[in-house]
Amino acid sequence: MKTALITGASSGIGKALAHEYAQGGYQLVLVARSTEALQQLKAEVEAKHKVTAHVLTQDLSLPEGPAQVFAATERLGLAIDALVNNAGYGDYGLFWQRPAAKTLGMVHLNVTALTALTHLYLPGMVARGRGHVLNVASVAAFVPGPMMSVYYATKHYVLALSEGLARELKGTGVTVTALCPGAVATGFQTEADIHGVRFLKMGKIATPEWVAQVAYRQAHRGRVVVVPGLMNQFFAGMPRYTTRGFLRNFIFGISKRDAA
């Protein structure tokens with residue numbers, strides 16, 4: 001039986017992806033900080049999809065987090081066939097006014113932990129000649145992001161890393177996919193404190209279940225970059241048709257809060 005490891009699995013896109021992979025016949029390794037939420041998800045997927053789910057409570061924002069996850073799967077004797085790097089968060093506001101600890105924690109989780117986990121699990125996949133990595137980036141990866149500058153920058157990194165690795169891995173039997181959704185109805189907006197921001201009103205907010213379905217299907221097809229939704233595809237394509245200066249000003253404008 002194939003095994004999928006999913007980070008940030010306790011809610012949102014991660015939880016929806018857990019159901020997609022379980023429905024596809026994967027046993028699961030569910031990673032997040034909330035033991036209670038993970039145990040509830042474990043019970044759901046095992047009852048609904050008749051697969052085994054392992055719970056690993058781990059804060060991946062800690063430097064030792066990725067290595068501890070890898071050590072746990074080694075102890076369980078699990079070969080990971082699908083690594084889903086979904087854990088991450090954003091933050092809204094002027095860069096110099098945001099708490100340094102939250103900003104640096106975001107970089108560590110969105111960038112360093114994702115990189116570390118990928119580096120830990122890729123050698124086994126390559127040696128077996130099969131597997132895939134699904135990295136959750138964002139449509140934000142394609143443009144500059146004033147008011148969320150660090151978050152956008154981390155997603156630039158995830159997209160660039162995914163595309164580079166995809167080319168390096170060509171012919172190995174292992175693929176890498178960068179998922180770049182737009183706004184999704186998850187807890188992200190609350191954690192990032194972006195309620196009332198204009199860009200949330202510009203289009204339909206997707207459900208995590210729909211995004212997960214698209215991601216699962218395209219990752220298994222070996223697609224390198226996946227941008228769900230026509231409006232998001234238009235947004236991702238904007239840098240081809242305009243100047244960087246226009247983009248900076250445009251994103252800054254739609255990142256403001258509407259007056260109450």
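Note: hydrogens, waters and symmetry copies are ignored here, and every other heavy atom, side chains too, is used. Residues take their numbers from the sequence shown, with the count starting at 1.
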Any donor-acceptor N/O pair, [X] side chain to [Y] backbone, under 3.5 Å:
X: T242; Y: M238; result: no
X: R128; Y: G124; result: yes
X: Q233; Y: V227; result: yes
X: Y152; Y: A141; result: no
X: N85; Y: L134; result: no
X: S255; Y: M147; result: no
X: K155; Y: V136; result: yes
X: T172; Y: V126; result: no

Out of curiosity, [X] [atom1] to [Y] [atom2], how far, rounded to the nearest 0.5 Å?
X: L169; Y: S162; atom1: CG; atom2: OG; value: 10.5 Å
X: L5; Y: L78; atom1: CG; atom2: CG; value: 9.0 Å
X: H119; Y: F70; atom1: NE2; atom2: CZ; value: 11.0 Å
X: Y92; Y: M148; atom1: OH; atom2: CE; value: 9.0 Å
X: Y157; Y: N135; atom1: OH; atom2: CG; value: 9.5 Å
X: L56; Y: I6; atom1: CG; atom2: CD1; value: 12.0 Å

When you compare the side chain of [Y] with that of [X], does any pair of heavy atoms fall below 4.5 Å?
X: I80; Y: V29; value: yes
X: L161; Y: L165; value: yes
X: L120; Y: P66; value: yes
X: M125; Y: V133; value: yes
X: Q27; Y: K2; value: no
X: L179; Y: P228; value: yes
X: E20; Y: E209; value: no
X: L159; Y: C180; value: yes

Closest contact, heavy atoms only, [X] versus [Y]:
X: P208; Y: I13; value: CB-N, 3.9 Å
X: W210; Y: G229; value: CH2-N, 3.6 Å
X: P239; Y: V143; value: CG-CG1, 4.1 Å
X: R248; Y: P146; value: O-CG, 3.5 Å
X: A140; Y: Y151; value: CB-CE2, 4.2 Å
X: N232; Y: P181; value: ND2-C, 4.5 Å

With the 4.5 Å side-chain cut-off for hydrophobic clustering, are [X] and [Y] part of the same group?
X: M231; Y: Y241; value: no
X: L62; Y: V107; value: no
X: L94; Y: I251; value: yes
X: V51; Y: L41; value: no
X: F95; Y: F252; value: yes

query: Do you know which of V55, V69, L38 makes side chain to side chain contact (heavy atoms under 4.5 Å, CB included) with V31?
result: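 Among V55, V69, L38, the one that satisfies the side chain to side chain contact (heavy atoms under 4.5 Å, CB included) with V31 is V69.
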query: Who passes side-chain hydrogen bond (donor to acceptor under 3.5 Å, both in side chains) against D81, sequence neighbours left out?
result: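 Partners of D81 under the side-chain hydrogen bond (donor to acceptor under 3.5 Å, both in side chains) test: R130.
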- prompt: With a cut-off of 6.0 Å (strictly less than), are more than 12 heavy atoms of other residues, nucleotides or ligands near CG of L230?
  reply: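 Not more than 12 within 6.0 Å, no.
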query: Can you list the residues that meet the salt bridge (charged side-chain N to carboxylate O under 4.0 Å, His left out) rule with E46, with sequence neighbours excluded?
result: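 Partners of E46 by the salt bridge (charged side-chain N to carboxylate O under 4.0 Å, His left out) criterion, ordered by chain and then number, come out as K42.
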message: I need the full list of ring pair (Phe, Tyr, Trp, His ring centres under 6.0 Å) pairs touching residues 3-25, with sequence neighbours left out, sorted by first then second residue.
response: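 Non-adjacent pairs meeting ring pair (Phe, Tyr, Trp, His ring centres under 6.0 Å): H19-H49, Y21-Y26, Y21-H132, Y21-Y216, Y21-H220.
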field: Modelled atom types, side-chain donor and acceptor of S61 and Y89, under 3.5 Å
entry: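 No donor-acceptor contact under 3.5 Å links the two side chains.
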query: Could you walk me through whether H54 and L30 pass the side chain to side chain contact (heavy atoms under 4.5 Å, CB included) check?
result: CA-CA 6 Å; H54 305 272; L30 306 172; over 6 Å; no
L28 vs V45, side chain to side chain contact (heavy atoms under 4.5 Å, CB included): CA-CA, chis, key distance, verdict: CA-CA 9 Å; L28 303 178; V45 297; 4.0 Å; yes
